[in-house]
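This report refers to the structure that appears directly beneath it.
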Amino acid sequence: MITVRDLHFGYGSQKVLQDISFDLSKGECLAVLGNNGAGKSTLMKCLNRILHAQGGSVLAEGKDLLNLPRRELARQVAYVAQKGEGSRATVFDTVLLGRKPYIKWSLEEGDYAIAREVLQRMHLEDFALRYIDELSGGELQRVMLARALCQQPELLLLDEPTSSLDPKSQYEVMALVRAIARQNDIAVVIVIHDLNLALRYCDRFLFLKENRIFAYGGYEVMTPEVIGQVYGMPVDIVQHKGVRTVIPLPFEGEAV
Ligand SMILES: Nc1ncnc2c1ncn2[C@@H]1O[C@H](COP(=O)(O)OP(=O)(O)OP(=O)(O)O)[C@@H](O)[C@H]1O
């Protein structure tokens with residue numbers, strides 16, 4: 001269980017996060033939603049201690065993540081940033097790097113086996129020997145996700161993991177993340193702009209607005225009213241062939 005309580009953060013005098021509290025069970029996916037600049041990436045960076053929260057607590061299974069030694073933190077939390085970096089390393093070596101928090105003296109056969117398994121699950125076997133600075137944006141995004149999975153964290157933080165993927169890959173990757181979360185009991189926090197992907201693959205939803213949580217909960221908070229107030233646009237939610245779908249409605253006076 002991940003328990004976040006009263007998290008606060010500001011860049012200088014600009015307050016970005018205030019009174020952020022939520023709980024997430026293992027195996028669940030939480031979508032973090034909100035407009036550009038709402039503080040979603042900042043929240044992820046506070047959870048991973050890239051940024052230091054100025055107040056509040058983050059507990060994972062009772063362990064205080066904001067005060068764990070770095071190496072221990074890296075075993076608990078994996079983070080995939082919005083912009084992946086492309087260095088001169090192969091895909092296999094990059095994914096293997098996810099084992100770093102566990103290595104004592106040298107890599108063991110178990111580490112290679114985990115990397116191979118993750119590559120297979122992410123359909124990246126054919127890319128194993130390619131250099132990551134020669135991949136497309138979407139391919140690189142898959143590799144960075146694979147590296148995070150190789151880390152076998154308790155908490156997986158994904159900042160817009162589908163932003164560079166083609167439509168089919170977006171659904172495939174989200175389905176895979178959800179399946180891995182459930183099978184391996186990983187709590188996943190996903191910053192995502194696509195409400196339909198969130199609705200389909202996430203279990204809980206956290207809307208940020210004006211530095212604070214505007215709404216948080218299960219499907220009951222995914223309503224046209226909440227979405228309308230957070231994003232300032234009219235929407236409807238319909239069920240089509242069993243799939244709940246958010247449909248943007250025309251703005252007032254807009255011809256369609
Ligand atoms: N390093 C920084 N220094 C100062 N202000 C920052 C910094 N990074 C972000 N901000 C500001 O903090 C606020 C929240 O930014 P953040 O990146 O967390 O938003 P976001 O919700 O992830 O946005 P987006 O959907 O555009 O990715 C914004 O007003 C942004 O301009």
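Numbering of ligands and ligand atoms starts at 1, following listing order.
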*If you look only at pairs with a residue in residues 5-48, which of them pass as a ring pair (Phe, Tyr, Trp, His ring centres under 6.0 Å), with sequence neighbours excluded?*
F9-Y11
*asked:* For R212, give me all partners under side-chain hydrogen bond (donor to acceptor under 3.5 Å, both in side chains), at least two apart in sequence or on another chain.
replied: Q18, D19
Using a strict cut-off of 4.0 Å, indicate which atoms of ligand 1 neighbour a heavy atom of [X].
X    : result
E160 : 27 (O)
N35  : 21 (O)
S41  : 17 (O), 18 (O), 20 (P), 22 (O)
H193 : 25 (O)

*Hey, are S41 and D159 close enough side-chain-wise for a donor-acceptor pair under 3.5 Å?*
yes
*Salt bridge or not for K63 and E72, using N-O below 4.0 Å?*
yes
_Salt bridge E28-R178, side-chain N to carboxylate O under 4.0 Å_ = no
Nearest non-hydrogen protein atom, [atom]:
atom                    : answer
atom 29 (O) of ligand 1 : Q14 NE2, 3.1 Å
atom 27 (O) of ligand 1 : Q82 NE2, 3.5 Å
atom 9 (C) of ligand 1  : Y11 CE1, 3.5 Å
atom 25 (O) of ligand 1 : K40 NZ, 2.7 Å

*Provide the closest heavy-atom pair for I192 versus L33 in the form atom of the first, atom of the second, distance.*
O-CD2, 3.2 Å
*Does G39 reach ligand 1 with a nitrogen or oxygen that is under 3.5 Å from one of the ligand's nitrogen or oxygen atoms?*
yes
_Please report whether atom 3 (N) of ligand 1 has a protein non-hydrogen atom at a separation of less than 4.0 Å._
yes
*Out of G34, G37, A38, indicate the one that has the non-hydrogen atom closest to atom 13 (C) of ligand 1.*
G37
*Identify which of D159, N36, T42 has a heavy atom lying nearest to atom 15 (O) of ligand 1.*
T42
*Assign the ring pair Y219 / F205 to parallel, tilted or perpendicular, where the plane angle (0 to 90°) is split at 30° and 60°.*
tilted
_Main chain of L158, side chain of Y79: is a donor-acceptor contact present, judged purely on distance under 3.5 Å?_
no
